[in-house]
Number of protein chains: 2
Amino acid sequence: MAYNLWYWPSIQGRGEFVRLALEAAGIEYRDCARTKDEEALLDDMERHAKRGPFAPPYLEIDNMVIAQVANILMYLGERHQLAPSNMADRLWLNQLQLTIADLVAEVHNVHHPVEMMAYYDDQKPEAARAAAQFRDTRMPKFLQHFDDAVTSNQGDWLIDHRWTYADTSLFQVVEGLRYMFPRRMAAIEGDYPALIRIRDQVAELPGIKAYLKSDRRLAFNTDGIFRHYRELDGD
Amino acid sequence: MAYNLWYWPSIQGRGEFVRLALEAAGIEYRDCARTKDEEALLDDMERHAKRGPFAPPYLEIDNMVIAQVANILMYLGERHQLAPSNMADRLWLNQLQLTIADLVAEVHNVHHPVEMMAYYDDQKPEAARAAAQFRDTRMPKFLQHFDDAVTSNQGDWLIDHRWTYADTSLFQVVEGLRYMFPRRMAAIEGDYPALIRIRDQVAELPGIKAYLKSDRRLAFNTDGIFRHYRELDGD
């Protein structure tokens with residue numbers, strides 16, 4: 001039975017972390033709001049009075065709703081063997097995924113520092129300041145952490161010799177930061193060879209190769225979470 | 001065997017969500033940096049080259065390090081029966097805890113909107129703007145979601161008839177917001193009676209009652225995550 005995935009139809013956003021894991025594993029899903037529209041998503045959220053999502057993305061299966069990216073991926077990981085089953089590895093992957101979620105929240109904050117519900121145009125000077133600190137301090141700290149995570153393992157992937165949902169998520173982190181800060185990433189990504197190797201390996205997974213060529217993969221754009229504004233980039 | 005909990009010694013911060021669950025359950029732990037100091041925490045973090053934390057809090061047990069609040073609580077929940085074991089309930093609690101984490105990140109952003117590593121004094125006008133949107137839009141949205149979470153259940157607690165780590169976390173959310181925004185909370189908390197009922201029940205748990213009276217419970221202060229600045233509050 002196919003999953004129903006609900007997320008905003010016109011951006012990669014947080015939903016992309018879920019899409020990538022599903023696509024890499026060849027798991028069937030309906031990207032519901034993309035076959036309908038944003039109204040359909042808002043209507044569907046209204047329907048879930050009990051145990052509903054705070055926000056998309058969420059997954060529907062057997063009348064159960066699962067929201068929050070790391071929670072969805074943990075569920076998919078357990079059910080479809082996209083993650084090891086032993087406790088230590090399972091907790092480590094979840095920990096990494098939550099650190100990726102922290103990065104994503106800080107990335108969003110770069111272009112929306114003072115009013116998350118208002119336009120970027122209404123907070124450009126503040127965004128410039130937030131971007132400088134993110135590029136100089138936070139970005140290297142996160143990337144170093146992820147690079148260390150890869151090198152702390154003996155196998156080809158984050159854990160052992162099989163990809164997990166945290167590998168596909170790191171792919172998206174690198175792709176997103178390359179789109180958002182091309183100059184900054186060009187300047188520093190050579191410092192994180194293990195992380196970039198994971199990105200390259202994920203890009204070669206058959207399911208991901210097919211997905212990236214398909215029209216199911218939306219392009220990055222300035223409505224999403226990773227946004228390119230030239231004035232926010234720097235070496 | 002007692003857990004080693006590592007967190008900044010002078011604030012409640014994110015570590016408090018872990019402390020509250022441990023205290024409510026009567027689980028033995030050493031609050032390591034409080035018996036030593038901040039230097040000891042920084043030294044300890046250095047030691048974990050492999051599978052280390054991105055940031056505190058983290059828990060050490062049997063040479064394993066577990067970081068990220070929701071991840072730590074999920075572990076404690078499974079190991080000490082502070083959460084139901086069936087999949088649907090387990091995922092629902094984790095989802096709620098991750099939504100609490102989102103709230104905490106937004107709360108931190110209120111007083112540090114443009115530079116998370118700089119002082120509040122260097123970003124006061126921006127914080128005033130961030131606080132207004134948080135108080136008017138985001139705070140009611142989160143509180144309503146948590147109130148709905150409580151009322152979607154038939155028992156006395158978030159799930160059934162026993163407290164879980166998400167109940168103790170909601171207690172901290174209410175306490176933190178009351179400290180941070182006393183005027184705003186006084187104006188709106190009556191709209192969320194189910195959430196306030198959970199707060200009151202948690203306060204009466206024997207482990208929590210003893211903890212709140214002890215010197216292990218730090219007071220809220222303006223170095224923590226929930227900070228009271230009078231100029232950021234409003235009805």
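This is a predicted model, so every value here is computed, not measured. Order of the sequence lines sets the chain letters (A, B, ...), proteins ahead of strands, with each chain counted from 1.
Proximity to chain B is absent for every atom of D62(A), based on heavy atoms less than 4.5 angstrom apart. Looking at M117(A), the atoms closer than 4.5 Å to chain B (heavy atoms on both sides) sit in the backbone and in the side chain alike. In this structure, chain A has no heavy atom under 4.5 Å from any part of A105(B). For M74(A), the part lying under 4.5 angstrom from a heavy atom of chain B is the side chain only. For A149(A), no part sits under 4.5 Å from any heavy atom of chain B, backbone or side chain. For N63(A), no part lies under 4.5 angstrom from a heavy atom of chain B. Proximity to chain A (any heavy atom under 4.5 Å) is restricted, for V65(B), to the backbone atoms N, CA, C and O. Proximity to chain B is absent for every atom of Q144(A), based on heavy atoms less than 4.5 angstrom apart. Proximity to chain B (any heavy atom under 4.5 Å) is shown, for Q123(A), by both the backbone and the side chain.
Residues W8(A) and D223(A) have side chains not in contact (no heavy-atom distance under 4.5 Å, counting atoms from C-beta outward). Looking at F134(B) and L232(B), their side chains never come closer than 4.5 Å, going by heavy atoms from C-beta outward. Side-chain contact check for S169(A) versus L73(A): some heavy-atom pair is nearer than 4.5 Å.
Residue with the most contacts toward chain B among K50(A), E126(A), E115(A): E115(A) (heavy-atom pairs, distance under 4.5 Å). Looking only at heavy-atom pairs under 4.5 Å with chain B, the residue among M87(A), E106(A), M116(A), Q133(A) that has the most is Q133(A). The greatest number of non-hydrogen atom pairs below 4.5 Å with chain A, out of T99(B), L91(B), T151(B), is found for L91(B). In terms of heavy-atom pairs under 4.5 Å with chain B, the best-connected choice from D148(A), N153(A), N109(A), L96(A) is N109(A). Comparing R138(A), H145(A), M64(A), Q97(A) by heavy-atom pairs within less than 4.5 Å of chain B, the highest count is held by H145(A). Heavy-atom pairs under 4.5 Å with chain A peak, among A132(B), A118(B), A127(B), P113(B), at P113(B). Of all the listed residues (P53(A), A101(A), A70(A)), the one sharing the greatest number of non-hydrogen pairs under 4.5 Å with chain B is P53(A). The candidate from A49(B), G52(B), A88(B) with the greatest count of non-hydrogen atom pairs under 4.5 Å with chain A is G52(B).
Judged purely by atom type and a 3.5 angstrom limit, D89(A) has no side-chain atom pairing as donor or acceptor with the backbone of P84(A).
For D44(A) and Y58(A), the side-chain atoms include at least one donor-acceptor pair closer than 3.5 Å. Side chain to side chain, E60(B) and W6(B) meet the donor-acceptor criterion of an N or O pair below 3.5 Å. Side-chain contact check for D167(A) and T164(A): at least one donor-acceptor pair (N or O, by modelled atom type) lies under 3.5 Å. A donor-acceptor contact closer than 3.5 angstrom links the side chains of Q68(A) and D102(B). A donor-acceptor contact closer than 3.5 angstrom is absent between the side chains of S85(B) and E78(B).
Here Y192(A) and F146(A) keep their ring centres 6.0 angstrom or further from each other.
Under the 30°/60° scheme for interplanar angles, the aromatic rings of H108(A) and H112(A) are found to lie parallel.
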